[in-house]
Amino acid sequence: KAGVTQTPRYLIKTRGQQVTLSCSPISGHRSVSWYQQTPGQGLQFLFEYFSETQRNKGNFPGRFSGRQFSNSRSEMNVSTLELGDSALYLCASSLDRGLYGYTFGSGTRLTVV
Amino acid sequence: QQQVKQSPQSLIVQKGGISIINCAYENTAFDYFPWYQQFPGKGPALLIAIRPDVSEKKEGRFTISFNKSAKQFSLHIMDSQPGDSATYFCAASNTGNQFYFGTGTSLTVIP
């Protein structure tokens, strides 16, 4: 059974640019959640999508957005990048809301310079 | 404001010893408490989880102890092994609407 695939693994962007990250969940999982991981802050919830609809959103500015496609694949977009956006972005796939456990991808390491 | 507070930040244990990581929460609406294990370069992986209707759950060498009145829960790793060296995160959720993670504990098990 294939795991959660996130692409790309690494990204280096300049302040002010925008970036799109991709996540392919486990087959059959319709819920995709995104988290930002930084040292000292742990994992911070960005948003969750289920059947192409955003169900929940964390406390991040509007520069962070996402979407989910009919095949459950999800993308996350960050516009007008700031240095503080440098982090590991994790995608988590689950049957429904993670109540039976998330399966995380290995993440995309974003560095903003 | 950190919804789930985790301690210690780092932990060093001898092989064969017991590793204990603690978490505390404030929101009494939380009803699901998982623990995740993360190795360098990998995403977190679900280790064990508990719901507030039980006070303890054991899976192999890993045990969650849950104290509802104190709003605390902890992970015990018995007979700790070098392969257990990783970062551990506790988390809490209210019906899965949003998960709040602790800041992580870096565990090192010395051979």
Side-chain angles (χ1 to χ4, degrees), chain A residues 1-10 21 23-26 29-50 53-60 66 76 87-109, chain B residues 1-11 21-25 27 29-54 57 59 62 64 75 86-107:
Chain A
K1 193 175 187 181
V4 178
T5 302
Q6 288 190 249
T7 56
R9 286 297 308 273
Y10 302 93
L21 313 181
C23 171
S24 293
I26 287 176
H29 284 190
R30 292 194 293 165
S31 172
V32 174
S33 299
W34 288 88
Y35 285 83
Q36 181 194 65
Q37 184 176 13
T38 55
Q41 289 290 316
L43 283 76
Q44 304 287 319
F45 174 74
L46 282 154
F47 27 67
E48 185 234 354
Y49 286 87
F50 183 86
T53 300
Q54 185 182 89
R55 262 197 318 202
N56 290 293
K57 189 177 188 304
N59 189 27
F60 276 81
M76 184 191 122
L88 180 67
Y89 289 89
L90 292 163
C91 168
S93 159
S94 64
L95 285 169
D96 190 9
R97 289 192 162 116
L99 287 179
Y100 302 98
Y102 281 135
T103 300
F104 281 91
S106 294
T108 294
R109 171 74 62 185
Chain B
Q1 185 184 0
Q2 198 73 24
Q3 294 267 355
V4 178
K5 295 182 180 178
Q6 183 173 347
S7 63
Q9 186 175 343
S10 62
L11 182 60
I21 305 170
N22 301 299
C23 285
Y25 64 96
N27 189 344
F30 288 152
D31 59 5
Y32 181 67
F33 303 88
W35 283 88
Y36 284 84
Q37 178 190 56
Q38 185 177 29
F39 292 104
K42 300 290 187 182
L46 179 67
L47 197 59
I48 187 172
I50 197 168
R51 298 187 190 277
D53 52 343
V54 296
K57 183 174 181 180
E59 289 185 3
F62 301 91
I64 299 179
L75 176 69
T87 300
Y88 293 81
F89 293 94
C90 61
S93 172
N94 173 14
T95 63
N97 286 313
Q98 182 172 338
F99 278 81
Y100 297 90
F101 283 79
T103 50
T105 296
S106 176
L107 171 66

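In what follows, every heavy atom counts, from backbone to side chain, and hydrogens, waters and symmetry copies are set aside. In what follows, chains are A, B, ... by sequence order, proteins preceding strands, each numbered from 1.
- Side chain of A:T5 to main chain of A:S24: no donor-acceptor pair is present (N/O by atom type, distance under 3.5 Å, no hydrogens or angles).
- In this structure, OH in A:Y35 is found 14.0 Å from CG in A:L88, a value given to the nearest 0.5 Å.
- With a threshold of 4.5 angstrom between heavy atoms, A:F47 does not approach chain B through any atom at all.
- Side-chain contact between A:C23 and A:M76 is absent, with no heavy-atom pair separated by less than 4.5 Å.
- A donor-acceptor distance shorter than 3.5 angstrom exists from the side chain of B:Q6 to the backbone of B:G104, with no hydrogens or angles considered.
- A distance-only check finds a donor-acceptor pair linking the side chain of A:T108 to the backbone of A:P8 [under 3.5 Å].
- Chain B forms more heavy-atom pairs under 4.5 Å with one residue of A:Q37, A:Q41, A:Q44 than with any other, namely A:Q37.
- Rounding to the nearest 0.5 angstrom, the gap separating the OH atom in A:Y89 from the CD atom in A:Q6 is 12.0 Å.
- With sequence neighbours excluded, no residue satisfies side chain to side chain contact (heavy atoms under 4.5 Å, CB included) with B:Q9.
- Comparing B:F99, B:Y100, B:F89 by how many heavy-atom pairs each has under 4.5 Å with chain A, the most go to B:F99.
- Using a 4.5 Å cut-off between heavy atoms, A:L90 contacts chain B through its side chain alone, with no backbone atom that close.
- With a threshold of 4.5 angstrom between heavy atoms, A:R9 approaches chain B through side-chain atoms but not through N, CA, C or O.
- Inspection of non-hydrogen atoms places B:Y32, B:Y36, B:Q38 of residues 30-39 of chain B under 4.5 Å from chain A.
- At least one donor-acceptor pair closer than 3.5 Å links the side chain of A:Y49 to the backbone N or O of A:G66.
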